[in-house]
2 protein chains.
Amino acid sequence: MADKPLKLGKVQLRIMQVLWDEGEVTARRVTEVLSEVEPIAHSTVQTLMRTLEEKGAVGHEVRDRTFVFRAIRPREEVTETATRDLLSRVFGGSVYGLVSHLLTHEEVSSEEIGRLRELIEREGREAKQ
Amino acid sequence: MADKPLKLGKVQLRIMQVLWDEGEVTARRVTEVLSEVEPIAHSTVQTLMRTLEEKGAVGHEVRDRTFVFRAIRPREEVTETATRDLLSRVFGGSVYGLVSHLLTHEEVSSEEIGRLRELIEREGREAKQ
DNA sequence: ATTCGTCGTTTAGTATAGTAAACTTAGTTC
DNA sequence: GAACTAAGTTTACTATACTAAACGACGAAT
C-alpha cells in the first residue's frame, strides 16, 4: 500500500540519517550527533522527532523511562522520494538530464568517473537481458 | 560575487521554467501555461512572481501598461542549486551515490543507458588530461 | 525532604510557500 | 459617462519547518 510520499525538511532528514546509521537512539543521542556539526537545542530535536513520529517516519518505545526511537521508513524510500522530486521538478523526469548535469557541472574525481563507468557497463549488460 | 543560493518552491520553479522557455512573458501568459497542467488562480501567479522578483530571480519592465517579466537567474544556476541541495542532504555530497541510486532504483531505458555510457566515456577521456 | 537534572510536553514565535479574494486603477466599450 | 474588463496591489489565511523557552513529572543526590 503505497504510502503518500514522505517529504522531509533539512533537519528532519539529518535526524533520520542518525536513526538509520545507529538503529536505536534516544533524542539526547540525536542532539549530540547533530550538535557536532552545528549547535541545536535538545528541545528542538524532541519537537522534530515528535513530528516525524506523527507522520509515521519513526516510532518509539519506552525503555528505562526514556523514549528509544527507531526509523520506520527505510533510508531507500526517503532517498527515492527526494530524488524523484528533484527529477520531476527540475529535469522533467529525465534521468539522463540529471546525470549529464552532474557530470558537466559538478566536481567528479577521475576515480569516481572510473567507478561510474564500471557501474554503467554492468547496468548496460543487465538491461540487455 | 556569489549570490546566496536561490531556493525555490515547487510552483515558483514551474514559473521559472516558463520564463526560461519563453523568454519574455506576462503574468497572464504564465497563468495560462501553468493552468494547462493544473488550475491556478491568476492572482496566485502574480503574488508568486512578485516574491520571485523580490528575491532577484526575475525582473520586469512595463510595456503597454502591463508587466513583462524575464528571468534574471539562469536555468543552470537554479538547477545547480537544487542538485547540490539533494546531493548534500541525501547523498552526503557523493555524485557516485546519486548516480548509482538512479541506475538501480529508477526506470532507465536501455536507450538512455546507451547515451549515458557515451557521456561517461567522453567524460573519462577529458578527465585524463 | 529539598534540590537537581533529565525527560517529555506544551506553547509560541519566525520564516516561507502557496492560495486566492478583495481592492484600486485605468483603459475600453456602448 | 457608466459599466466592463484586465492589470497590479493589498490583505489574509493555511500549512509546514524550524527554533527554543517554559512547564510538569519524577527519579537521584545530598
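Predicted model, so just to flag it, every value in this text is computed and none were measured. Sequence lines set the chain letters: A, B, ... in the order given, protein chains first and strands last, and positions in each chain run from 1.
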Notebook entry, point to check: Hey, which of these two, B:R65 or B:G9, hits DNA chain C nearer its 5' end, going by closest nucleotide?
Noted result: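 Per heavy-atom nearest nucleotide, the more 5' residue is B:G9.
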
Interatomic spacing from [atom1] in [X] to [atom2] in [Y] - rounded to 0.5 Å:
| X | Y | atom1 | atom2 | result |
| --- | --- | --- | --- | --- |
| A:T83 | A:L98 | OG1 | CG | 8.0 Å |
| B:S94 | A:R115 | OG | CZ | 6.5 Å |
| B:K10 | B:I15 | NZ | CD1 | 11.5 Å |

Check: Which comes earlier along DNA chain D counting from the 5' end, the contact point of B:A27 or that of A:T47, where each point is its nearest nucleotide?
Finding: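 Result: B:A27.
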
Can you find a side chain N or O atom of [X] that sits less than 4.0 Å from OP1 or OP2 on [N]?
| X | N | answer |
| --- | --- | --- |
| A:K7 | C:dA17 | no |
| B:R28 | D:dA7 | yes |
| A:T44 | D:dA20 | yes |

Whole angstrom is fine here: how far is it from [atom1] in [X] over to [atom2] in [N]?
| X | N | atom1 | atom2 | answer |
| --- | --- | --- | --- | --- |
| A:R63 | C:dC7 | CZ | P | 15 Å |
| B:M49 | C:dA17 | CE | P | 15 Å |
| B:L48 | D:dG8 | CG | P | 14 Å |
| A:D64 | C:dG8 | CG | C1' | 15 Å |
| A:E54 | C:dG8 | CD | P | 15 Å |
| A:L13 | D:dA17 | CG | P | 11 Å |
| A:H42 | D:dC18 | NE2 | P | 18 Å |
| A:R50 | C:dA12 | CZ | C1' | 13 Å |

Check: Has the side chain of B:S43 got a donor or acceptor that lies under 3.5 Å from a partner of the other kind on the base of C:dA22?
Finding: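 Counting by modelled atom types and ignoring angles, no donor-acceptor contact under 3.5 Å is found here.
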
Next item on the list: Could you tell me which non-hydrogen atom of A:M49 sits nearest to which non-hydrogen atom of A:V58, and how far apart they are?
Entry: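 Here A:M49 and A:V58 meet closest at O-CG2, 4.0 Å.
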
Notebook entry, point to check: Nearest to the side chain of A:F67, which nucleotide is it out of C:dT9, D:dT10, D:dT19?
Noted result: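 For the A:F67 side chain, the nearest candidate turns out to be C:dT9.
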
Item checked: Nucleotide nearest B:Q46 (side chain, heavy atoms from C-beta), chosen from D:dT9, C:dT19, C:dG8 ->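 Nearest listed nucleotide: D:dT9.
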
Next item on the list: Determine the contact category for A:T66: base if any of its heavy atoms lies under 4.0 Å from a base atom, sugar-phosphate if only primed atoms, P, OP1 or OP2 are that close, otherwise nothing.
Entry: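 Counting heavy atoms under 4.0 Å across all strands, the contact made by A:T66 is with sugar-phosphate only.
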
Next item on the list: Just call it for A:L8: base, sugar-phosphate, or nothing, with non-hydrogen atoms closer than 4.0 Å on any strand.
Entry: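 Result for A:L8 = nothing.
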
Margin query: Please verify the inter-ring angle class for A:H60 with A:F69; under 30° counts as parallel, over 60° as perpendicular, anything in between as tilted.
Written below: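 Answer is tilted, since the angle falls between 30° and 60°.
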
